[in-house]
Amino acid sequence: KAGVTQTPRYLIKTRGQQVTLSCSPISGHRSVSWYQQTPGQGLQFLFEYFSETQRNKGNFPGRFSGRQFSNSRSEMNVSTLELGDSALYLCASSNRINSYEQYFGPGTRLTVT
Amino acid sequence: DAKTTQPPSMDCAEGRAANLPCNHSTISGNEYVYWYRQIHSQGPQYIIHGLKNNETNEMASLIITEDRKSSTLILPHATLRDTAVYYCIVTSYDKVIFGPGTSLSVIP
């Protein structure tokens with residue numbers, strides 16, 4: 001099976017802009033979670049989707065949002081970008097709800113200037 | 001704050017067993033222990049998880065103490081490719097919190 005894919009792999013944006021990142025889970029996986037990783041804060045949970053519904057949410061401001069489509073593909077959006085949003089954004093999929101046996105993609109490296 | 005405490009770094013000789021400890025003294029009855037590792041510049045990789053019994057798979061063994069307040073991940077024969085940051089997390093599936101992990105260096 002193909003692994004989790006994320007696009008784009010690298011992105012440079014300017015403060016105040018918005019960005020949309022995409023994640024395609026492993027075929028058959030219906031749960032998708034998003035994480036932010038920075039050198040200072042480490043790996044932080046953003047949110048989890050299952051069957052197009054947000055199931056869990058981490059402690060991030062409302063500028064961070066996501067959605068999941070009927071084919072389980074997911075997108076996350078960050079509006080009004082700030083310099084501190086520069087990070088590696090990771091997507092992970094699982095074939096079960098309430099399971100953290102997750103398979104991660106390679107991530108999208110976002111740089112905000 | 002993370003619910004787990006791990007040593008920041010460890011070394012292990014190639015071919016020897018790597019034993020990575022994790023303290024989770026505030027773990028509650030319905031929380032599982034998960035282990036992941038992250039090799040530089042890659043996404044984290046799931047290793048193993050357990051509730052209270054010891055678990056083994058093709059990658060590693062997980063030993064959980066009887067009181068569940070700590071656990072040990074065992075890589076039976078460490079190789080250079082096992083050099084990575086290892087994360088121990090506990091979760092009851094409402095959210096997951098990763099701590100800073102243990103940076104394991106496997107030395108030739």
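Naming: A, B, ... by sequence-line order, numbering from 1 per chain. If you're wondering where the values come from, they're calculated on a predicted model, not measured in any experiment.
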Asker: Just wondering, more than 12 heavy atoms not from A:I12 lying within 6.0 Å of its CD1?
Answerer: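 Counting other residues, nucleotides and ligands, CD1 of A:I12 stays at 12 neighbours or fewer.
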Asker: Honestly curious: do A:F60 and A:V78 fall in one hydrophobic cluster under the side-chain, below-4.5 Å linking rule?
Answerer: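 Per the 4.5 Å side-chain linkage, A:F60 and A:V78 are co-clustered.
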Asker: Going only through I, L, V, M, F, W and Y residues with side-chain contacts under 4.5 Å, is there a path from B:I63 to B:W35?
Answerer: no
Asker: Decide if atom CG of B:N30 counts as having more than 12 heavy atoms of other residues, nucleotides or ligands within a radius under 6.0 Å.
Answerer: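 Yes - once you tally the heavy atoms of other residues, nucleotides and ligands closer than 6.0 Å, there are more than 12.
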Asker: Please look at A:Q41 and chain B and tell me whether the side chain, the backbone, both or neither of the residue comes under 4.5 angstrom of a heavy atom of that chain.
Answerer: neither
Asker: Using heavy-atom distances under 4.5 Å, tell me whether A:L43 contacts chain B through its side chain, its backbone, both, or neither.
Answerer: both
Asker: Given a strict heavy-atom distance threshold of 4.5 Å, which part of B:Y32 is in contact with chain A: side chain, backbone, both, or neither?
Answerer: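 For B:Y32, neither part sits under 4.5 Å from chain A.
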Asker: Against chain B, label A:Q44 side chain, backbone, both or neither, depending on which of its atoms sit under 4.5 Å from a heavy atom there.
Answerer: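 Nothing of A:Q44, per the 4.5 Å heavy-atom cut-off to chain B.
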Asker: Report the distance from atom CD of B:Q42 to atom CZ of A:F104, rounding to the nearest 0.5 Å.
Answerer: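 B:Q42 atom CD to A:F104 atom CZ measures 13.0 Å (nearest 0.5 Å).
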Asker: Between A:Y49 and A:L90, is there shared hydrophobic-cluster membership here, with clusters defined by ILVMFWY side-chain heavy atoms closer than 4.5 Å?
Answerer: no
Asker: Would you say B:L104 ends up clustered with B:L62 if hydrophobic residues are merged whenever their side chains have heavy atoms under 4.5 Å apart, either directly or through other cluster members?
Answerer: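 Shared cluster, yes.
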Asker: Going from CD1 on B:I48 to CD on A:E101, what distance comes out if it is rounded to the nearest 0.5 angstrom?
Answerer: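 Going from the CD1 atom of B:I48 to the CD atom of A:E101 covers 10.0 Å.
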Asker: Rounded to the nearest 0.5 Å, how far apart are OG of A:S99 and OH of B:Y34?
Answerer: 4.0 Å
Asker: Taking the six-membered ring for Trp, is the centroid-to-centroid distance between A:Y100 and B:Y36 below 6.0 Å?
Answerer: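 Between B:Y36 and A:Y100, which both carry aromatic rings, the centre distance is not below 6.0 Å.
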Asker: Which bit of A:Y35 is near chain B, if near means a heavy-atom gap under 4.5 Å: side chain, backbone, both or neither?
Answerer: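 Looking at A:Y35, just its side chain touches chain B.
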Asker: Is it the case that over 12 heavy atoms from other parts of the model lie below 6.0 angstrom from the CZ atom of A:R63?
Answerer: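 Check passes, neighbour count above 12.
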Asker: Going by heavy atoms in the side chains, are B:Y46 and A:Q102 under 4.5 Å from each other?
Answerer: no
